[in-house]
Amino acid sequence: MNKIMVIAPHPDDETLGCGGTLLRHISDGDEVYWLICTTITESQGFTKERIEERKKEIDLVANMFGFAGYRQLNFNTTELDQVPRNELVGAIAEYIKEIEPHTLYLPFRNDVHSDHAFVFDSTVACTKSFRYPYVKKVCVYETLSETEFGLRTDDGGF
């Protein structure tokens, strides 16, 4: 049994990006953990009802997948560019240290959504073998509606 962690900028990225792979890990008896990096808030124009509905949806998805555990960070969606990098790295590192996963799944660095790039960069900082010796494998997933719109000329593609 391995411990697997999928890190999603937004709830749904893990399903769109590597949902089948996660289900296979679970079917194989691996413990799979989910880290969601963003949340929605009233200050962004979401109603209390929508926020509560979203929380219920996340619980439902976690139960349907059969995740061993999950955590949602409280960074505003679409605003990770405003979060000091050490805060985002620290929050991701905290969950990684708690779980000690063998394998990490991250969003592709050059997705068009900037939240994906910030999550990728911050998580990569948590893969140094001398600080996180239990992380043996890092995989990157493609997210439909984000990866194919990345138009960086210096990027050879996913």
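Quick note: numbers below take in every heavy atom, side chains included, and nothing from hydrogens, waters or symmetry partners.
- Between the side chain of Glu14 and the main chain of Asp12, a donor-acceptor pair closer than 3.5 Å is present.
- The two residues Cys18 and Tyr141 make their nearest non-hydrogen contact at SG-CD2, 3.8 Å.
- The closest donor-acceptor contact from the side chain of Asn2 to the backbone of His102 lies at 3.5 Å or more, if one exists at all.
- Glu52 and Lys55 are joined by a salt bridge, as a carboxylate oxygen and a charged side-chain nitrogen come within less than 4.0 angstrom of each other.
- Side-chain atoms of Tyr70 and Gln72 form no donor-acceptor pair, as typed in the model, at a separation below 3.5 Å.
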Query - Trace of the ring-ring contact (aromatic ring centres under 6.0 Å, His included) decision for Tyr105 with His25 - result: CA-CA 12 Å; Tyr105 285 91; His25 278 294; 5.6 Å; yes
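- Nearest heavy atoms, Trp34 versus Ala8: NE1-CB, 3.9 Å.
- Residue-environment remark: CE (Met1) exceeds the threshold of 12 foreign heavy atoms within 6.0 Å.
- Listed here is the closest heavy atom pair of Ile96 and Thr123: CD1-CG2, 4.4 Å.
- The pair Arg50-Glu57 counts as a salt bridge, with a side-chain nitrogen and a carboxylate oxygen less than 4.0 angstrom apart.
- Using cut-offs of 30° and 60° on the angle between ring planes, the pair Tyr134 and Tyr132 is perpendicular.
- Salt bridge annotation for Arg109-Asp121: present, with a cationic side-chain nitrogen under 4.0 angstrom from a carboxylate oxygen.
- By the 30° and 60° cut-offs, the orientation of the rings of His116 relative to His10 is tilted.
- At most 12 non-hydrogen atoms from other residues, nucleotides or ligands lie less than 6.0 angstrom from CZ of Arg24.
- Side chain of Gln44 to main chain of Thr41: a donor-acceptor pair is present (N/O by atom type, distance under 3.5 Å, no hydrogens or angles).
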